[in-house]
Amino acid sequence: MVKKREHITVTITGYTSEGQGVARHPEGMAVFVTDAIAGEVAEVEIDHVGKTAAHGHIVKLLEVSPHRVNRACPIGKRCGGCNFWHMDYEEELRLKGQRVRDAISRIGGVDPGEVTVLPGTMEGYRNKAQFPVGASDFGQPVAGFYMARSHEILPVQRCRIQDPRADAVKTAVMEWMELENISAYDEGSQRGLVRHIYVRTASTGTLVCIVANGGVPEVADTLLQLVQAAVPDLVGLVWNINRRPGNSVLGDRFETLWGQGYLEETLCGLKFRLSPRSFFQVNRQQAQRLYDTALELAQLDADTTALDLYCGTGTITLCMARKAGKVYGVEIIDAAIADAWENAKRNGIDNVEFFCGDAGQAAERFAREGVAPQVIMVDPPRKGLSPAVVDAMAQMAPERIVYVSCDPATLARDIGLLREKGYVLHTTKAVDMFPRCAHIETIVLLEREVL
Ligand code: SAH
């Protein structure tokens with residue numbers, strides 16, 4: 001019997017998909033250990049015993065990995081955001097590559113060989129921040145992050161993966177609230193004004209949006225002064241009203257208090273307009289690498305017709321359109337499709353068409369209508385491709401399928417399904433879009449088997 005609070009001595013043999021160390025209890029049960037590194041021997045205290053695995057933390061390290069570093073984050077992981085501040089980047093990249101390889105070979109049934117991961121900048125890479133605002137026990141306004149698995153706000157001075165401009169804005173807004181006696185929103189009573197500080201940063205400047213449970217107070221001038229002093233590259237200050245209880249951050253009404261209500265950013269040489277609502281990759285440098293890699297694998301030329309399923313605001317679609325003859329993009333959110341058309345127009349690209357709808361239904365329709373793309377690009381959410389997408393793609397029989405994935409397990413499952421349709425795994429690459437966090441983005445090229 002594995003017991004809570006029991007101490008055991010274990011060797012860490014690998015990692016879970018959330019980045020915890022994996023060890024085995026002497027009685028056989030798997031134990032997931034926080035902040036552990038493969039190869040380490042440790043005395044571990046069991047915190048929780050589940051049905052198939054137990055969870056524990058290190059009490060004493062008996063053999064320390066050479067990859068262990070003390071670069072602790074000032075928040076000490078209490079926000080539940082990052083996973084890997086206790087190890088060097090080399091080990092993080094190795095474990096991410098291994099995770100992709102293991103998933104594809106175990107679930108997909110093919111060994112992709114060693115998977116190298118394109119490294120990113122470890123700090124300051126996030127270009128979007130949403131800080132919840134609340135009141136401390138003494139009634140002072142606080143802003144930061146929700147603690148892991150809770151709605152309690154952890155006040156944060158500096159988050160190391162965030163663009164420093166976002167933290168500077170947060171400090172300025174806190175100063176304003178104290179100075180002008182502005183109340184923080186309280187989820188329980190649904191009273192109080194300021195709910196979230198939403199910041200987007202780009203190479204062209206900073207856009208700040210204050211999300212509030214009501215209209216603009218008279219003292220907005222001092223807000224602008226303080227925010228401008230904190231981020232001299234401010235391009236816009238927006239007020240958003242969200243009176244609905246619940247978890248969605250943004251409400252429907254936006255009022256631009258100063259400057260412009262959007263930000264401009266370039267990605268792979270294309271210009272994009274970002275309003276607070278529009279989706280944009282949070283790590284621009286790595287998104288460019290991801291798209292460059294996807295494009296290289298797609299091998300497009302002026303005679304190619306390509307399909308981009310799950311296209312979002314059309315970023316990959318437009319990159320492909322510069323090389324291909326014609327590209328069709330499909331996305332389920334209509335606001336993203338509106339942004340995609342707008343982005344095509346502002347970049348002078350006219351060989352694209354966007355469709356709003358479910359990828360499976362759209363792919364079935366394309367197949368029925370005899371659209372025959374040589375290349376299909378897919379970039380689905382974590383749950384991967386629906387069976388309808390797999391079937392319709394097989395019917396269209398493209399020469400190449402390029403699959404961009406944020407979850408190696410569902411990617412691996414789909415590689416197995418596409419194998420049955422005659423598609424062979426050719427290349428596997430990974431890009432580290434979220435250094436210090438357990439997520440990993442994978443890109444694979446599947447080629448139609450020539451019989
Ligand atoms: N390729 C884009 C976005 C990828 S994110 C980029 O790199 O920016 C995945 C996208 O799939 C999201 O925009 C989401 O809205 C969309 N999506 C989710 N389910 C879908 C479905 N069933 N059909 C079409 N699109 C879907």
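Computation of the quantities below employed the complete heavy-atom set of this structure, encompassing side-chain atoms and omitting hydrogens, waters and symmetry-equivalent molecules. First listed ligand is number 1; within each ligand, the first listed atom is number 1.
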Fill in: E18: salt bridge (charged side-chain N to carboxylate O under 4.0 Å, His left out) partners, not counting sequence neighbours
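Checked E18 against salt bridge (charged side-chain N to carboxylate O under 4.0 Å, His left out); zero matches.
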Fill in: Point-to-point distance, once rounded to the nearest 0.5 Å, from CZ of R78 to SG of C73
9.0 Å
Discussion item. For the residue pair Q285 / T121, report whether a side-chain donor-acceptor contact shorter than 3.5 Å exists.
Written reply: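 Present: a donor and an acceptor within the cut-off.
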Worksheet, complete the sentence: So ring-ring contact (aromatic ring centres under 6.0 Å, His included) across residues 284-339, not counting sequence neighbours, yields Y328-F366
Distance-only check: which donor-acceptor pairs under 3.5 Å involve side-chain atoms of residues 245-263, not counting sequence neighbours?
residue: D252; atom: OD1; partner: R277; partner atom: NH2; Å: 3.3
residue: Q260; atom: NE2; partner: Y262; partner atom: O; Å: 3.0

Worksheet item: Is the shortest distance from a Lys or Arg side-chain nitrogen in E449 or R419 to a carboxylate oxygen in the other one below 4.0 Å?
Response: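 Salt bridge: yes.
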Output, or 'none' if empty, a list of ligand 1-protein atom pairs in which both atoms are N or O and the distance is under 3.5 Å, rounded to 0.1 Å.
residue: ligand 1; atom: 1 (N); partner: Y310; partner atom: O; Å: 3.2
residue: ligand 1; atom: 1 (N); partner: D379; partner atom: OD2; Å: 2.9
residue: ligand 1; atom: 7 (O); partner: Q281; partner atom: NE2; Å: 3.1
residue: ligand 1; atom: 7 (O); partner: Y291; partner atom: OH; Å: 2.6
residue: ligand 1; atom: 7 (O); partner: D379; partner atom: OD2; Å: 3.3
residue: ligand 1; atom: 8 (O); partner: Y291; partner atom: OH; Å: 3.2
residue: ligand 1; atom: 8 (O); partner: T315; partner atom: OG1; Å: 3.1
residue: ligand 1; atom: 13 (O); partner: E331; partner atom: OE1; Å: 2.7
residue: ligand 1; atom: 13 (O); partner: E331; partner atom: OE2; Å: 3.4
residue: ligand 1; atom: 15 (O); partner: E331; partner atom: OE2; Å: 2.6
residue: ligand 1; atom: 22 (N); partner: D358; partner atom: OD1; Å: 2.8
residue: ligand 1; atom: 23 (N); partner: A359; partner atom: N; Å: 2.8
residue: ligand 1; atom: 25 (N); partner: I332; partner atom: N; Å: 3.3

